[in-house]
There are 2 protein chains.
Amino acid sequence: MEPDADADIDHGAPLPPYRQLAGILVARIRRGDWQPNRAIPSESQLVQQYGLARATVRRAIAVLVDQDVLFVVPQRGTFVKPEGQHPSMPDA
Amino acid sequence: MEPDADADIDHGAPLPPYRQLAGILVARIRRGDWQPNRAIPSESQLVQQYGLARATVRRAIAVLVDQDVLFVVPQRGTFVKPEGQHPSMPDA
DNA sequence: TTTCATTTGTACGTATGTATT
DNA sequence: TAATACATACGTACAAATGAA
């Protein structure tokens, strides 16, 4: 079961909002909402879309950057890292 | 030149406070203020000692956890990781 | 060249939750 | 029961760099 790309945040769930958002973003990337090397919405836009504080959005992004799913270019945006979703996958 | 273990934070310096604190903590560990597997001061204590916000202290700690200098045990404390300071040092 | 909006970086303070002691 | 310590989240503010007008 993967996170629903259209799901919104449930502040009552055991999984904290920042992890929920990370899962949602991954689902949306896999779904094709944003292509490799293309920018995802800005932090401000994600704040508005998901009703979270910016710190929470940034934390979700940090998780995915750490997992090589996204990469950030200061003052430019946050982008989908090409071939970065699978830490150990020879070449499909 | 290593960071002075007794230095305090300079909010005017180009290096942001969270990085300054990370450097200070590393210096204090190398100096022997805290031994391996021993807890460093709590976040609240560091907040008071260095006049920083807790979020900033946590960020400095996160940097050192990422560098394997510290490890955190929830609700217990933050500890000095043994042999974790040198990412590539055979055995001195 | 200058101005302005956008975007990420950093920091502050506060509140609540959870687990341990 | 109460105190301690980390986890998470909120909102706000300002800085710096980019890019467009």
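Reminder, nothing fancy here: chain letters follow the sequence lines and each chain counts from 1.
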Could you tell me how far apart [X] ([atom1]) and [N] ([atom2]) are, to the nearest whole angstrom?
{"X": "A/Leu21", "N": "D/dC10", "atom1": "CG", "atom2": "P", "result": "10 Å"}
{"X": "A/Ile40", "N": "C/dT7", "atom1": "CD1", "atom2": "P", "result": "12 Å"}
{"X": "B/Glu43", "N": "D/dT8", "atom1": "CD", "atom2": "P", "result": "11 Å"}
{"X": "A/Leu70", "N": "C/dT8", "atom1": "CG", "atom2": "C1'", "result": "14 Å"}
{"X": "B/Leu46", "N": "D/dA5", "atom1": "CG", "atom2": "C1'", "result": "12 Å"}
{"X": "A/Ile61", "N": "C/dT7", "atom1": "CD1", "atom2": "P", "result": "12 Å"}
{"X": "B/Gln45", "N": "D/dA3", "atom1": "CD", "atom2": "C1'", "result": "13 Å"}
{"X": "A/Gln48", "N": "C/dT7", "atom1": "CD", "atom2": "P", "result": "10 Å"}

### Task
Supply the atom-to-atom distance B/Ile24 CD1 to B/Arg31 CZ, rounded to the nearest 0.5 angstrom.
10.5 Å
#### Entry: Spacing of CD belonging to A/Gln20 relative to CG belonging to A/Asp8, to within rounding of 0.5 Å
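That separation rounds to 8.5 Å.
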Which residues share a side-chain contact (heavy atoms from CB on, under 4.5 Å) with [X], sequence neighbours left out:
{"X": "A/Ser42", "value": "A/Ser44, A/Gln45"}
{"X": "A/Arg54", "value": "A/Glu43, A/Val47, A/Arg58"}
{"X": "B/Arg19", "value": "B/Leu15, B/Pro16"}

### Message
Would you say A/Ser44 places a side-chain N or O within less than 4.0 Å of OP1 or OP2 belonging to C/dT7?
### Response
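No, no such contact exists.
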#### Entry: Distance below 4.0 Å between B/Arg58 side-chain N/O and D/dC6 OP1 or OP2
no
Look for any protein N or O under 3.5 Å of an N or O in nucleotides 2-5 of chain C and output each such pair with its distance, or none.
none

### Query
Any side-chain heavy atom of A/Leu46 within less than 4.5 Å of one from A/Ile40?
yes
### Pairwise side-chain contact, B/Thr56 with B/Ile9, heavy-atom cut-off 4.5 Å (strictly under)
no
### Query
How does each nucleotide of nucleotides 12-21 of chain C score, in 5' to 3' order, for protein heavy atoms under 4.0 Å: base (B), sugar-phosphate only (S), or none (-)?
B----BBBSS
### Task
Name all residues meeting the ring-ring contact (aromatic ring centres under 6.0 Å, His included) criterion together with A/Phe79; count only those two or more places apart in sequence or in a different chain, and write none if there are none.
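By the ring-ring contact (aromatic ring centres under 6.0 Å, His included) rule, A/Phe79 matches A/Phe71.
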### Full working for side chain to side chain contact (heavy atoms under 4.5 Å, CB included) between A/Leu64 and A/Thr78
CA-CA 10 Å; A/Leu64 300 184; A/Thr78 301; over 6 Å; no
